[in-house]
Amino acid sequence: MSHHPITIKEVARDANVSIATVSRVLNNHDSVTSETRNNVLRVMKQLGYNRNEVARSLKMRCTNTIGIVAPKLSNVYFMEIVEVMDQLLTPLGYTMIISCSNDSVTEEQKRIQVLLDRNVDALVVIPSSLQGHHLTTKTVSRVPMVMVDRYIEGVNADAVLVDNRYGVKEMMRALHKEGFTRIGYIGGDNDILTANERYAGYLQSMHELNLPIEKDFIYLKGTMSIKDGRDAMGQFLSQKDIPKAYLIANDLLHLGVTSHLIEHVPLKERNAFVVASFDYLSYSPLLAFCHYAMRQPQEIIGSEVVRLLLKRLNEDVKTPSEKIVITPELKVIVKSVLT
C-alpha cells in the first residue's frame with residue numbers, strides 16, 4: 001500500500017474550486033468568502049492535507065525553527081535551559097530542533113550542517129570543545145548563532161556564560177570555613193571551557209587559602225560524565241589517607257562520585273565525605289554528600305539566549321556580538337554548617 005502526500009490540486013478538485021482559491025485559504029486572504037473557506041478547510045480535513053512547510057520555507061526564506069546542538073542530551077542542566085527557551089519561543093511561533101554532538105567536534109560539525117540543510121533561522125550551540133574552526137565558515141556565518149555555557153575566541157557569535165571562577169571560589173571558601181584544609185578536585189578535559197575555568201578557579205582558591213595542592217587527588221580526564229565521576233572516586237579510594245572534601249565540576253560528575261561512594265564506602269565511614277558541586281538541580285539536595293552547590297540560573301540563561309536570538313532575527317545583525325556573563329548563586333544544602 002503506497003502513501004503520498006495530499007496536494008493542493010487534489011483539495012481544489014474535491015472542493016470544486018481553483019488551486020488559486022485553495023492557496024488564498026492557506027494564506028488567510030481576505031478575498032475568500034466564509035462559505036468557500038469553510039468548504040476548503042472541510043475538504044482538507046477529510047483528505048488529511050498537511051501543508052508542505054519545507055516548500056513554503058524555501059519560498060518565504062524563513063522556517064521559524066531554531067537549531068540547537070548540545071554535547072549531551074543526558075545533561076539535565078542543558079535540557080532545563082532548552083525548556084526555558086521552548087516556553088519563550090513557542091508562543092512566538094518558533095519550533096526548536098535539538099541535536100547532540102556527543103562531546104565530539106566532528107559530530108558537532110555534522111549536526112550543525114544537518115540543521116543548516118534544514119534551513120533553520122538561527123543556531124544555539126553549546127560547544128563540545130575550544131575548537132571553533134567549523135563555526136567560522138561562511139555557511140555557518142549566514143545565520144545568527146548564540147553560544148551557551150562555553151565561549152570560543154574568534155567566533156563571531158553572541159554568548160551567554162556563567163562566571164565559573166566566582167562560583168568555584170565561593171564553594172571553596174565554604175568548604176574551608178567548614179574546616180577542610182585538604183580539598184581534592186574532580187573535573188574534566190581542559191579542552192572544555194567550563195572545565196578549564198573551574199579548574200583555574202580551584203587552583204587560585206587553593207593558593208589564596210594557602211592550602212596544599214595534592215596532585216594525586218586531582219582528576220582532569222574525560223568529558224565530565226557520570227562514568228568519569230565514578231572513575232575519579234575509584235582512583236582516589238585506591239590510595240591511602242585521602243582528602244574527605246572535594247570540589248566537583250558538574251552535576252554528572254557529582255552523580256558518579258555519589259554513586260561510587262555509596263557503593264564502595266562502608267555506611268559508618270560515609271559521613272566523613274563532603275562535596276561541593278557546580279550545578280544546583282532539582283535532585284541536588286538528595287545527593288548524600290553534597291553540602292554546597294552552585295546554582296546556575298537556567299531561567300535567566302534561557303531568557304538571555306532568546307533575547308539575543310530575537311534581536312538578531314529582527315534584522316539587528318550589524319551590532320557587535322554580545323557576551324553575557326551571569327553570576328551563579330551558592331546554595332547551602334547542610335544549613336547548620338555555615339550558620
Side-chain angles (χ1 to χ4, degrees), residues 69-79 81 100-108 125-132 135 147-155 159-172 175 183-207 213-236 243 245-258 260 275-281 284 290 292-296 298 301 323 325-328:
V69 182
K72 285 189 180 74
L73 298 185
S74 60
N75 191 312
V76 177
Y77 166 67
F78 294 150
M79 290 304 101
I81 292 174
C100 177
S101 68
N102 291 309
D103 288 300
S104 164
V105 175
T106 301
E107 282 302 312
E108 182 174 281
V125 179
I126 303 167
S128 59
S129 79
L130 292 173
Q131 298 180 48
L135 300 177
M147 291 184 285
V148 183
D149 192 60
R150 304 164 185 182
Y151 179 76
I152 302 175
E153 292 291 343
V155 176
V160 181
L161 313 171
V162 167
D163 192 336
N164 290 297
R165 295 196 186 207
Y166 167 85
V168 168
K169 286 184 177 183
E170 287 294 294
M171 289 191 290
M172 290 292 289
L175 287 171
I183 304 172
Y185 179 82
I186 300 172
D189 189 326
N190 279 336
D191 195 37
I192 302 171
L193 178 70
T194 46
N196 193 313
E197 291 190 340
R198 290 169 192 176
Y199 180 52
Y202 165 79
L203 292 177
Q204 189 173 349
S205 295
M206 293 294 277
H207 286 301
I213 296 173
E214 302 176 71
K215 292 184 178 180
D216 288 344
F217 302 107
I218 293 176
Y219 185 94
L220 300 174
K221 301 176 185 176
T223 58
M224 300 197 290
S225 65
I226 291 176
K227 180 181 181 301
D228 292 321
R230 285 179 171 274
D231 290 348
M233 191 47 62
Q235 179 180 307
F236 294 164
Y246 293 90
L247 193 291
I248 302 177
N250 80 346
D251 62 303
L252 294 179
L253 288 170
H254 189 182
L255 286 169
V257 167
T258 301
H260 194 88
V275 304
S277 172
F278 230 102
D279 293 337
Y280 175 86
L281 300 170
S284 295
C290 185
Y292 313 100
M294 190 54 57
R295 180 177 181 268
Q296 304 182 78
Q298 291 98 322
I301 295 168
K323 185 196 287 188
V325 180
I326 296 167
T327 303

- Task: Take Asp279 and His254, measure what side chain to side chain contact (heavy atoms under 4.5 Å, CB included) needs, and give me the verdict at the end.
- Result: CA-CA 9 Å; Asp279 293 337; His254 189 182; over 6 Å; no
- Which heavy atom of Phe78 sits nearest a heavy atom of Pro71, and at what distance? CE1-CD, 3.6 Å
- Main-chain N/O of Leu255 paired with Thr258 side-chain donor or acceptor, under 3.5 Å: no
- Could you tell me which residues satisfy side chain to side chain donor-acceptor pair (under 3.5 Å) with Arg165, sequence neighbours excluded, listed by chain and number? none
- Those residues at least two apart in sequence (or on a different chain) that pass side chain to side chain donor-acceptor pair (under 3.5 Å) with Asn164 are Glu197, Arg198
- Determine, stepwise, if the pair Lys72 / Thr223 fulfils side chain to side chain contact (heavy atoms under 4.5 Å, CB included). CA-CA 10 Å; Lys72 285 189 180 74; Thr223 58; 3.1 Å; yes
- Query: Between OG of Ser205 and CE of Met172, what distance do you get to the nearest 0.5 Å?
  - Reply: 5.0 Å
- Item | Test item: Lys323 side-chain N/O and Tyr151 main-chain N/O as donor-acceptor pair under 3.5 Å | no
- Taking side chain as C-beta onward, heavy atoms only, is Pro243 less than 4.5 Å from Ile183? no
- Item | Heavy-atom pair of closest approach, residues Met171 and Ser277 | SD-O, 3.4 Å
- Leu220: side-chain contact (heavy atoms from CB on, under 4.5 Å) partners, not counting sequence neighbours: Tyr185, Asn190, Tyr199, Ile218
- Message: For Asn102, is there any backbone N or O sitting under 3.5 Å from a side-chain donor or acceptor partner on Glu107?
- Response: no
- Query: Any side-chain heavy-atom pair from Gln131 and Ile152 closer than 4.5 angstrom?
  - Reply: no
- Item | Stepwise side chain to side chain contact (heavy atoms under 4.5 Å, CB included) check, Asn75 with Asn250 | CA-CA 10 Å; Asn75 191 312; Asn250 80 346; 4.2 Å; yes
- Test item: Arg150 side-chain N/O and Pro127 main-chain N/O as donor-acceptor pair under 3.5 Å: yes
- Task: State which residues pass ring pair (Phe, Tyr, Trp, His ring centres under 6.0 Å) with Phe278; sequence neighbours excluded, sorted by chain then number.
- Result: none
- Query: What do the steps show when you test Met224 against Asp103 for side chain to side chain contact (heavy atoms under 4.5 Å, CB included), and what is the final call?
  - Reply: CA-CA 10 Å; Met224 300 197 290; Asp103 288 300; over 6 Å; no
- Message: Looking at Leu193, is its backbone amide N or carbonyl O close enough to the side chain of Asn196 to form a donor-acceptor pair, meaning the two atoms are under 3.5 Å apart?
- Response: no
- Item | Residues which pass side-chain contact (heavy atoms from CB on, under 4.5 Å) with Ala232, listed by chain and number, not counting sequence neighbours | Ile186, Tyr219
- Please report the C-alpha distance between Lys221 and Asp228 in whole Å, then the side-chain angles of each, then the deciding distance to 0.1 Å, and finally whether the salt bridge (Lys or Arg N to Asp or Glu O under 4.0 Å) criterion is met. CA-CA 7 Å; Lys221 301 176 185 176; Asp228 292 321; over 6 Å; no
- Item | Nearest non-hydrogen partners of Tyr77 and Val162, listed with the distance | OH-CG2, 4.2 Å
- Message: So, using side-chain contact (heavy atoms from CB on, under 4.5 Å) as the criterion, who are the partners of Asp189 when residues are at least two apart?
- Response: Asp191
